[in-house]
Amino acid sequence: MAEVKVKKEANLSDPAEVENRIRELCQQFPHGITDQVIQNDMPHLEPQQRAMAINKLLSLGQLDLLRNSTGLLYRMKDTQSTSKMKGSDNQEKLVYQIIEDAGNKGIWSRDIRFKSNLPLTEINKILKNLESKKLIKAVKSVAASKKKVYMLYNLQPDRSVTGGAWYSDQDFESEFVEVLNQQCFKFLQSKAEVARDSKQSPMVQRNSSFATSHEVWKYICELGISKVDLSMDDIETILNTLIYDGKVEMTVIAAKEGTVGSVDGQMKLYRGVNPILQPTGLVRTPCGLCPVFDDCHEGGEISPSNCIYMTEWLDF
C-alpha cells in the first residue's frame, strides 16, 4: 500500500500526468467539469498545481472555459472547431464560442454584444467574417421578423426559431394547416363509419372507432400532401385543434413499453364525434364565445366596429 501511495504522489508531481488526467476527466464528462470534480479525483493535488495545469491546457487551446450558474466549467475543446478557427484572433474566437454555446436556438447579436463586451461595429465585422468562412449562419426567427439569430453552420434550427412545419419563410401556412385538419378529421370519420357498419355491440363499435396518433400520422404521410417531414407531435397538434373545435375526442390508455405511439407507458387515442345538438345562432357568432364580451363597447379599446373576429365572420 505504501508503494502505491508513493507512486501516486510521484505521478501528481509530474505536470504532464496531471494534464493528462484532466483531459481524461473532460472526456468522461463532455458537458464540462468543475474544480470540485478535479479535487475529488485528485485530492492530494495542490491548488497551485491544479491551476498551473488548467492554465497550460487553456493556453494550448485544448480546454474551453465556460461559466454557468454554479461557477466555472472546463470542457474539452472540439478539435474540428479548433482547426476551423486556426489563425483567428481572440475576439473572433470569443464570438464563435458564444454562438456555439447557444446551440440550435441561436443568439441575437445584442446578446453577443452583452456577453462579449465588444463594440457592435466590431461584432458585425466578426459575424460577417465567420459567415463568409461558413462557420456560422444567420437564421430568421418567427419570434421577430426583422431580427436574425446566429448559430453554427451545420446545426438544424430549433422549432422555436423556424416555427416548425407550420411556417415557410416566416409565413404561417394557414392553407396547409387547414388541409391537414380536414384530412385528419376525414380519416377519423371513416374509421368511425367502419366501426358503425360492423354491426357489433355499441361498446365494441366505440372502441374500434378510436385511432392512435401514429395511425393518423401514417395515413397523412402515405397521402403525400406534405412537402416537409411531419412528426407525431405535429399531427397531435392538428388533432388538438380538432378537439377544440368539438369534432374529435381523446382518451388516454395504458400501453406496454415499446408499443408504437406510446410515451411513458401511455397512449393517446382519438375518435371523430358528431355533436348531439347543433349550436344555436348566438353561439355561432363571435360574440357568443367572446371572453371579453363584458368589456366590449363602442368607443372603447374593444368595440364591435374594430372587432376582427366579427369582420371575418361577416365576410363568409
Side-chain angles (χ1 to χ4, degrees), residues 19 22-35 37-38 50-165 167-172 228:
E19 294 164 17
I22 293 176
R23 290 193 199 95
E24 291 174 1
L25 289 172
C26 288
Q27 290 173 351
Q28 292 177 23
F29 304 94
H31 294 294
I33 61 173
T34 62
D35 278 322
V37 172
I38 302 175
R50 184 175 69 250
M52 288 177 62
I54 290 172
N55 289 334
K56 176 72 175 299
L57 293 171
L58 288 171
S59 64
L60 292 174
Q62 297 179 7
L63 284 187
D64 281 329
L65 179 61
L66 309 173
R67 183 182 293 276
N68 65 3
S69 58
T70 59
L72 296 177
L73 279 177
Y74 307 106
R75 189 176 66 187
M76 187 66 73
K77 187 180 285 291
D78 185 4
T79 55
Q80 291 185 352
S81 63
T82 303
S83 61
K84 289 178 181 178
M85 295 301 294
K86 189 175 182 180
S88 301
D89 57 29
N90 290 332
Q91 291 182 341
E92 196 167 282
K93 290 178 180 177
L94 174 61
V95 172
Y96 180 88
Q97 183 64 56
I98 292 172
I99 296 174
E100 184 180 24
D101 292 339
N104 64 346
K105 292 187 177 181
I107 185 170
W108 310 107
S109 56
R110 180 192 62 186
D111 294 332
I112 297 175
R113 179 185 178 186
F114 175 77
K115 290 189 175 186
S116 64
N117 290 323
L118 294 173
L120 185 59
T121 53
E122 184 66 25
I123 289 175
N124 290 334
K125 180 180 176 182
I126 292 172
L127 291 174
K128 288 181 180 179
N129 190 31
L130 292 174
E131 281 188 274
S132 66
K133 294 179 180 179
K134 293 189 181 298
L135 294 175
I136 66 169
K137 61 183 175 183
V139 180
K140 290 182 179 180
S141 173
V142 295
S145 58
K146 295 183 180 180
K147 291 184 179 181
K148 297 180 290 187
V149 295
Y150 294 90
M151 64 185 67
L152 296 191
Y153 187 81
N154 60 342
L155 292 181
Q156 185 69 26
D158 187 80
R159 291 170 61 92
S160 61
V161 177
T162 63
Y167 284 81
S168 176
D169 295 330
Q170 294 186 295
D171 295 325
F172 181 69
V228 296

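Position 1 is the first residue of the sequence; numbering continues from there. Hydrogens, waters and symmetry mates play no part in the numbers below; they use all other heavy atoms, side chains included. Everything numeric in this text was worked out from a predicted model, so none of it was measured.
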Discussion item. Please find the pair of heavy atoms, one from Ser116 and one from Ile98, that lie closest to each other, and give the distance.
Written reply: CB-CD1, 3.7 Å
Worksheet item: Can you name the closest pair of heavy atoms from Ile107 and Lys115 and give their distance?
Response: CD1-CD, 4.4 Å
Practice prompt. Answer yes or no: is there a donor N or O on one side and an acceptor on the other, between the side chain of Asn124 and the main chain of Leu120, under 3.5 Å?
Written response: yes
Worksheet item: More than 12 foreign heavy atoms under 6.0 Å from NZ of Lys125: is that the case here?
Response: no
Item to complete: Check whether any side-chain heavy atom of Glu100 sits under 4.5 Å from a side-chain heavy atom of Tyr96, and report yes or no.
Response: yes
Worksheet item: Which heavy atom in Met151 sits nearest to a heavy atom in Lys105, and how many Å separate them?
Response: CE-C, 4.2 Å
Fill in: Val37 vs Thr34 side-chain heavy atoms within contact, under 4.5 Å
yes
Worksheet item: What's the spacing between Ile126 CD1 and Lys93 NZ if we round to 0.5 Å?
Response: 12.5 Å
Worksheet item: What's the spacing between Glu122 CD and Arg113 CZ if we round to 0.5 Å?
Response: 12.5 Å
Worksheet item: Should Lys133 and Tyr153 count as side-chain neighbours, where that means a heavy-atom distance under 4.5 Å?
Response: no
Worksheet item: If we only count heavy atoms from C-beta on, is the Ile22 to Tyr74 side-chain gap below 4.5 Å?
Response: no
Worksheet item: Where do Gly32 and Leu73 come nearest, in terms of heavy atoms and distance?
Response: C-CD2, 4.0 Å
Discussion item. Using every non-hydrogen atom in the two residues, find where Ile38 and Arg50 come nearest and quote the distance to one decimal.
Written reply: CG2-CD, 3.6 Å
Worksheet item: Roughly how far, to the nearest 0.5 Å, is the CE atom of Met52 from the CG atom of Leu57?
Response: 12.0 Å
Fill in: Non-hydrogen side-chain atoms of Asp35 and Ile54 separated by less than 4.5 Å
yes
Fill in: Atom pair CD (Glu92) and CD1 (Ile123), whose distance is rounded to the nearest 0.5 Å
12.5 Å
Worksheet item: How long is the span from the NZ atom in Lys56 to the CG atom in Leu63, to the nearest 0.5 Å?
Response: 12.0 Å
Practice prompt. Would you name the heavy atoms of Ile99 and Ile112 that are closest together and state the gap between them?
Written response: CG1-CD1, 3.9 Å
Discussion item. Taking the side chain as everything from C-beta on, heavy atoms only, tell me whether Arg75 gets closer than 4.5 Å to Asp101.
Written reply: yes
